[in-house]
Amino acid sequence: MRQLNKSLFFFFLISGIFIAYFGGLSGPFIFDDLSNITNNSLLRIQDLGFPSLLNASNSGFAGPLKRPVSVLSFALNYYFAGGYVASIFKLTNIIIHCLNALLVYLLCFQLFKRINTTPNTNTAFLFASGITLLWALHPINLTSVLYVVQRMTSLSTLFSLGCIILYLCARNRWLSQGYTWRVGCLFFTSFTSLLLALFSKENAVLTPLIIILIELLLYLKEKPWSVINRLTKQQQNLGLVVIGSLFIATVWWAIDYASGGFNNRPFTMLERVLTESRVLCFYLSLILIPRINGFGLFHDDIALSTSLFTPWTTITSIIFILGLLATAFYYRKKNPLFALGIGWFFIGHLLESTFFPLEIAHEHRNNLPSIGIIIAVFSLIPLAKLETKKVIISIVFVALILGSTTWLRSKQWGNYQSLAYYEAEHHPNSPAIQALLSNAAHQAGDIEIATEAIKKAMTLEPNETAYALHYQNILAIHDQKIPSAIQVETLRRLEHNRLTPSTQLALDQIAGCLKKEVCAPLRKNYLEWINVVIKKAPTHAVYYYMKGKAQRASGDILGALNTFQQAYDISPNFLHPLFEMADILIRLNQLEHAEQVIGWIDVANEKTHLRRDTELKQIKDILNKVKKAKSREQPT
């Protein structure tokens, strides 16, 4: 009977997840999906040979480790779907979320059994299934599922949970049976899962800290801790000094590593750290009291904290967080699962919600940490009441509310226009959302809403140049006159603002459009933009490459060749300008020079980890065809 109950639970769990997310399957690729997936030609594998898979897995650029596991999964999706079919990519994400839910169940079941040495199996099932149900249907996880590129987050969660579960299996078997080869295999498999998590997304580096927390709360009286407890006071103090020194050195290195990244951010490290105290409280409010208008794709409408008292909620947020941590520490022996859940949440945010130069807030950062908060909440329910109908009905009722909210949000994600309009309604003061609305209205042909929204984005965020670039792009595409005042303002922003990732992406996208007649009105303006950018960053080859594309689109072929040559001189392993040069020279019938440039590409292609074998073969084939055609034309 119990086995039947478990089977029914898992059936309804998986069914509930698919029902909650089904409405979002029809949605398109958006934002970072484009740069990381659809614009990455190396993901378009034609076979499952090792060279193709290796080249695809090495084509990522997000994070210091390039996230090859996640990137490879995108390539496999492309291969089996027969192209960039967004619904198939999203369906894969839903399946990963289902697997994560099953792992959450296994984890919570293990934790409950560890806390209760003689557990009631039915109580353990209710504890684990309740946490799993609420986490799986919680709308805080929607962007980890329907935002395709955030598969990086959900895969990291998958392998991190696998790492912890396998570790606990090995740990418990070690305690009950001694250290055997099976225990060693479990520890090794746990470590392998950790590596897969790290190469999915770097925040998995925090997983060992969660394991250490579990050890300190649930295994402190067991070996090897019992051996450590028998050490002399002097030996223990020496150990603490060594650990403390390593901790300080690691934090110092991390701060030094992170400091350079703030050059392209509109906030300082101190401002980010202070703001994140309020952001963490905001995350907690979304997890504990979910409200559909609180969720969003972007949260750049959160004001920066410039001091402890500006805004005043900064200091209150810090006090609340410290109080919550102190409470967890105080009850660590009476209620270790509460302490574990609170510690789990804050450990999970140590990378993305502290001093690293990332954007201020994103909901997907809670995919793994939110498990801790739900565990902490469930730990407050007395075991005697966990099996009562009142508690079970309450859990089901809350799950229905969470699932309904997720279902409503997923419906909004069903197409680009509905996503944009709902996001703008919920976050009217978000510059990024206004840009989203502008792009959606532009695609729908509503020039009035498109221009009003992008102008509002420019007003809301005067330190971001990308919105001014997009404004001009919209005007040009809709055959509207670009006022000279707009060009002056755009140049002013380029000169005085940081060259943010959004600005770089906008410059790259518009550079690709310039060859089309619809973007012809932007060519002169674009050259003025890129000259300002190159003056600010004269050693960045990618900006010379963009300038060369603008010159080529404007008909200045000689200037384009010279600029592409400059890009090559700055970065000999940067292949894009070389391909442009080779294409121009072939079209000019300068085949010897084209062959020389292709030789450069051959050399650079051998050195780069992002090999362009397919594109190289194509350009060689084109050259050979032209050479053959030319030889046939010559008189014998």
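Predicted model, so just to flag it, every value in this text is computed and none were measured.
In this structure the side chain of Asp32 never reaches within 4.5 angstrom of the side chain of Val148, judged on heavy atoms. Side-chain contact between Leu304 and Ile360 is present, with at least one heavy-atom pair separated by less than 4.5 Å. No side-chain heavy atom of Leu591 sits under 4.5 Å from any side-chain heavy atom of Leu585.
Using modelled atom types, one finds a donor on one side chain and an acceptor on the other under 3.5 Å when comparing Arg151 with Ser73. In this structure, a donor-acceptor pair under 3.5 Å is present between the side chains of Thr490 and Gln472. Between the side chains of Ser307 and Thr310, at least one donor N or O sits under 3.5 Å from an acceptor N or O. There is a side-chain donor-acceptor pair under 3.5 Å between Thr503 and Glu464. No side-chain donor from either of Glu423 and His426 sits under 3.5 Å from a side-chain acceptor of the other. Side chains of Thr306 and Glu271: no donor on one and acceptor on the other come within 3.5 Å. If you check the side chains of Ser200 and Ser156, you find no donor sitting under 3.5 Å from an acceptor. Side chains of His362 and Gln150: no donor on one and acceptor on the other come within 3.5 Å. Residues Gln551 and Thr563 have side chains that bring a donor and an acceptor to within less than 3.5 angstrom of each other.
In this structure, Asp47 places its CG atom where more than 12 heavy-atom neighbours from other residues, nucleotides or ligands lie under 6.0 Å away. Atom NZ of Lys66 is surrounded by more than 12 heavy atoms from other residues, nucleotides or ligands within 6.0 Å. Other residues, nucleotides and ligands place more than 12 heavy atoms under 6.0 Å from the CZ atom of Arg291. The local environment of CZ in Phe61 is crowded, with over 12 non-hydrogen atoms from other residues, nucleotides or ligands closer than 6.0 Å. Counting heavy atoms of neighbouring residues, nucleotides and ligands inside a 6.0 Å radius, atom NE2 of His593 does not exceed 12 of them.
One distance of note links CG of Asn525 with SG of Cys519; it measures 12.0 Å at 0.5 Å rounding. Separation of atoms CZ (Phe74) and OG (Ser59) is listed at 10.0 Å; rounding is to 0.5 Å. Interatomic distance, OG1 of Thr153 versus CG of Asn203, reported as 6.5 Å (0.5 Å rounding). Asp508 CG to Leu469 CG: the interatomic distance, rounded to the nearest 0.5 Å, is 12.0 Å. With rounding to the nearest 0.5 Å, the separation of CG in Leu43 from CG in Asn36 is 9.0 Å. Taking CG from Asn367 and CG from Leu142, the interatomic distance works out to 11.0 Å, rounded to the nearest 0.5 Å.
Not a single donor-acceptor pair under 3.5 Å links the side chain of Arg67 to the backbone N or O of Met152. Panel note: side chain Ser438, backbone Gln434; no donor-acceptor pair is recorded below 3.5 Å.
In this structure, Tyr544 has its ring center at least 6.0 angstrom away from the ring center of Phe564. Here the two rings, on Tyr467 and His470, have centers that are 6.0 Å apart or farther. Here Phe295 and Tyr422 keep their ring centres 6.0 angstrom or further from each other. If you look at Tyr84 and Tyr78, their ring centroids are closer than 6.0 Å. Ring-centre distance between Phe29 and Phe89: below the 6.0 Å cut-off.
Salt-bridge check for Arg552 with Asp583: passed, with a basic side-chain N closer than 4.0 Å to an acidic carboxylate O. Of the charged side-chain nitrogens involved, none lies within less than 4.0 Å of a carboxylate oxygen, so that Glu452 and Lys456 do not count as a salt-bridged pair. Of the charged side-chain nitrogens involved, none lies within less than 4.0 Å of a carboxylate oxygen, so that Lys535 and Glu495 do not count as a salt-bridged pair.
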Evaluate salt bridge (Lys or Arg N to Asp or Glu O under 4.0 Å) for Lys617 paired with Asp621, printing each intermediate quantity in order.
CA-CA 6 Å; Lys617 182 179 181 303; Asp621 289 344; 3.1 Å; yes
Could you walk me through whether Lys627 and Glu592 pass the salt bridge (Lys or Arg N to Asp or Glu O under 4.0 Å) test, one step at a time? CA-CA 10 Å; Lys627 288 171 71 175; Glu592 289 185 7; over 6 Å; no
- Task: Could you please spell out the steps behind the side-chain contact (heavy atoms from CB on, under 4.5 Å) verdict for Trp529 and Arg493?
- Result: CA-CA 10 Å; Trp529 304 343; Arg493 290 191 180 210; over 6 Å; no
Salt bridge (Lys or Arg N to Asp or Glu O under 4.0 Å) assessment of Glu615 paired with Lys620:
CA-CA 9 Å; Glu615 293 92 333; Lys620 285 182 176 179; over 6 Å; no
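A perpendicular orientation is assigned to the rings of Phe31 and Phe298, their planes being inclined by more than 60° (bins at 30° and 60°). Using bins of under 30°, 30° to 60° and over 60° for the plane-to-plane angle, the ring pair Trp253/Tyr257 lands in the parallel bin.
A side-chain contact (heavy atoms from CB on, under 4.5 Å) with Ser430 is found for one member of Ile302, Asp300, Leu436, Leu297 and no other, namely Asp300.
For Lys536, there are no salt bridge (Lys or Arg N to Asp or Glu O under 4.0 Å) partners two or more places apart in sequence or in a different chain.
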